[in-house]
Structures are given as structure tokens and as C-alpha cells.
Amino acid sequence: MKPETNISTWQAELAVDSRCTLGEGPQWDAINKRLYWCDIIEKRLHWLSPASGESGHYQLDHMVSLATPLELGGLLLVGEDRLCRFDPSSGNVEAFCDFETDNPITRSNDARVDRHGSLWLSTMGKHAEKGAGSLYRLHQGKLHTLRTGLTIPNAICFAPQGDVAYFTDTEQGIVMRWALDEEGFPIGEPTPWADFSKGEGSPDGAVVDEQGHVWLALWGAGQVVQLNQDGKVIGRIALPVSQPSCSAFAGPDLKTLYITTAQEGFSADQLAQEPTAGSLYVVETGIKGLADPPLRLE
């Protein structure tokens, strides 16, 4: 992507020194005023209460990539081969449905609730096996396959009106735009929207703000970029670590952006150079985010 001039810039600061192996899936729970995020590899669900500064984690028995609020209370965990209800107050986990249980090489990856209250989720090979990943939509309790043959599906997010979905295959480096029908299902084929295949870093997780701008983490580049509706960079957040994975707007006014990061694949020298890699970062953008709806299971 060509360098951009006259863009807004911010510097992210350390929020929680969590040092996840693979931090992912930041999600704001507006009802309980908690931010959740996952350490996929270490099977942990982390949480932060921004008002008090308290933080902690739950140890799980399987890899989880997202914990998203349910319409009727509690959270839904997007796990490596299953969806489960989770009660944070008791720690109780209740199975909801399975997926890809006959394929031991895959796990869940990116996921997000769309503007219709349905869940999009992706899978990928545990070692990023080429073409092993798929993209699904959980709508009214039924799981629909949207796309197969992906390697590292990421950047799932949705335009404010619910008529457009974005996603990427990180290996390809191109963010795709997909038109949606009135029920939120894709129409036709996705089209290229923002090309990072020749630039620094690879597109990872993404979130949308109130104006429909996409905030995209660039894995390997230590940046989160803000893209306008034409897929052009209009803002840039710098981090002191190289592997940001995804962002979430949080707080009572949704103007605080939290960013998950990772230290996956780091050598001892890289860890020494980036000692807080895998931690949660924060930046006050002054820009209001767009709240994800609670997930409806029926």
C-alpha cells in the first residue's frame, strides 16, 4: 500500500502486563463494564475492569479465541472446535454446539457478532496449514458455512448499517469487502478492498468505529491503521511491540481503544527486545467506536 500523508497518529501505552503467547479477541461487555480477551495458546480468558483497574483471568480446558456477551446474559466462548455458554460469576461452562470435531488440525480464530446479532467465526490450521480454514455464520442457532479453503481468516467486522462485511486471509494480505442481504448473509463474491500484500506487516483483526472506518491490526508491523470507506489509511497507532492482533472500543463512551498483542514464535532475543509483547495496550483516540450487538442464539 502506498505511504499516506497527513494522517492522524497515536501512541499506544501498556494497559495490562498480561504477556499472552497469542492475545486475541478483545471484546467489550457493556452491561458488566468488563473487557475480555483471550490467550488462545495458553487456554486463558483474561478480563479487565477499566473503572477499577482490576484484572485477572480464567483458566479453561481448551483453546478459545473470543468471549462475546449473550443477549440473555453470560458469554459465548468461541473455542477450538465448540461453542459454549460461560458464566463469569461461577466459571461454569455449558456446551452449545460443536464444529469441525472431525478435523483435529484446526482451531477457531477470528470471530465477531454482526449487526443482526449473529456470530461470524473462522477456523484455521493449528500450524497455519494452507487452505485448512473456513468461515461460518451462526444465525438463529444454526451454523452456516460461508467459505472454505482459507489459511488464516481474520479481520471479521461489519459496516454500521449491517450491509457490508469485511474479512481477510492474512496469508494473502488483502482485506475483502462482502455485500450482505437484509438478513446479513453474503451476496455474491467478496471483492478486494484494501491491499497490504506488498507493505509492512500482515492484516490481522479489525473493528469498526461509529463512522464506518475500519481499525486494522498489522501483525509484524507494530501498528493499527485506521481505514476510511475507500480502504485508505487515514490514521495510525504505533505500539512498542511488533505483533498486534486485534482492537476493541471500550468504556462508557466507547472512545478508548484496547489492543491485544502476541509473542507467538518469538526467539529469546526477540523477547528481550520486546519484553511486554503479548500484553494489552490502550490508546485514547477521541473517536467513538461502534458497539457490537449481544449475540442471539435463537
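Bear in mind the structure is a predicted one, so any value in this text is a computation, not a measurement.
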Between [Y] and [X], is there a side-chain donor-acceptor contact under 3.5 Å, judged purely by atom types and distance?
{"X": "Glu24", "Y": "Ser65", "result": "no"}
{"X": "Glu80", "Y": "Ser108", "result": "no"}
{"X": "Thr170", "Y": "Ser202", "result": "no"}
{"X": "Ser197", "Y": "Asp195", "result": "yes"}
{"X": "Asp110", "Y": "Ser122", "result": "no"}
{"X": "Ser8", "Y": "Gln226", "result": "no"}

Closest non-hydrogen atom pair between [X] and [Y], with its separation:
{"X": "Val214", "Y": "Ala206", "answer": "CG1-CB, 3.8 Å"}
{"X": "Ala159", "Y": "Arg115", "answer": "O-CG, 3.3 Å"}
{"X": "Ile156", "Y": "Arg112", "answer": "O-NE, 3.1 Å"}
{"X": "Leu180", "Y": "Gly162", "answer": "CD1-O, 3.6 Å"}
{"X": "Ser245", "Y": "Asp204", "answer": "O-OD1, 3.1 Å"}
{"X": "Cys38", "Y": "Ala67", "answer": "SG-N, 4.2 Å"}

Test your reading of the model: is there a side-chain donor-acceptor pair from [X] to the backbone of [Y], 3.5 Å cut-off?
{"X": "Asp39", "Y": "Leu22", "value": "yes"}
{"X": "Glu274", "Y": "Ser242", "value": "yes"}
{"X": "Thr261", "Y": "Ser279", "value": "yes"}
{"X": "Gln229", "Y": "Gln211", "value": "yes"}
{"X": "Asn228", "Y": "Asp230", "value": "yes"}
{"X": "Thr151", "Y": "Gly131", "value": "yes"}
{"X": "Thr256", "Y": "Glu284", "value": "no"}
{"X": "Gln223", "Y": "Leu216", "value": "no"}
{"X": "Lys126", "Y": "Pro104", "value": "yes"}

Tell me whether [X] at atom [atom1] has more than 12 heavy atoms from other residues, nucleotides or ligands lying less than 6.0 Å away.
{"X": "Glu182", "atom1": "CD", "result": "no"}
{"X": "Glu298", "atom1": "CD", "result": "no"}
{"X": "Ile31", "atom1": "CD1", "result": "no"}

Residue list, ring-ring contact (aromatic ring centres under 6.0 Å, His included) with Trp28, at least two apart or on another chain: none
Matching residue for Tyr58 among Trp37, Phe86, Tyr36 - test: ring-ring contact (aromatic ring centres under 6.0 Å, His included): Phe86
Intermediate values then yes/no, side chain to side chain contact (heavy atoms under 4.5 Å, CB included), Val282 and Leu257: CA-CA 6 Å; Val282 64; Leu257 192 72; over 6 Å; no
Derivation and outcome, side chain to side chain contact (heavy atoms under 4.5 Å, CB included), residues Tyr281 and Val224: CA-CA 11 Å; Tyr281 282 82; Val224 173; over 6 Å; no
Say whether [X] and [Y] are linked into one hydrophobic cluster, either directly or through other cluster members, by side-chain heavy-atom distances under 4.5 angstrom.
{"X": "Leu83", "Y": "Tyr136", "value": "yes"}
{"X": "Val113", "Y": "Phe99", "value": "yes"}
{"X": "Leu121", "Y": "Leu297", "value": "yes"}
{"X": "Met176", "Y": "Phe196", "value": "no"}

Whether Trp215 and Phe249 hold their rings parallel, tilted or perpendicular, with breakpoints at 30° and 60°: perpendicular
Plane angle bin for His139 and Phe185 - parallel if under 30°, tilted between 30 and 60°, otherwise perpendicular: perpendicular
Steps toward side chain to side chain contact (heavy atoms under 4.5 Å, CB included) verdict (Asp169, Ile152): CA-CA 5 Å; Asp169 189 336; Ile152 309 177; 4.3 Å; yes
SB check Glu210 Lys255 (cutoff 4.0 Å): no
Salt-bridge criterion met for Arg85 and Asp87 (N-O under 4.0 Å): no
Centroid-centroid under 6.0 Å between Trp120 and Phe158 rings: yes
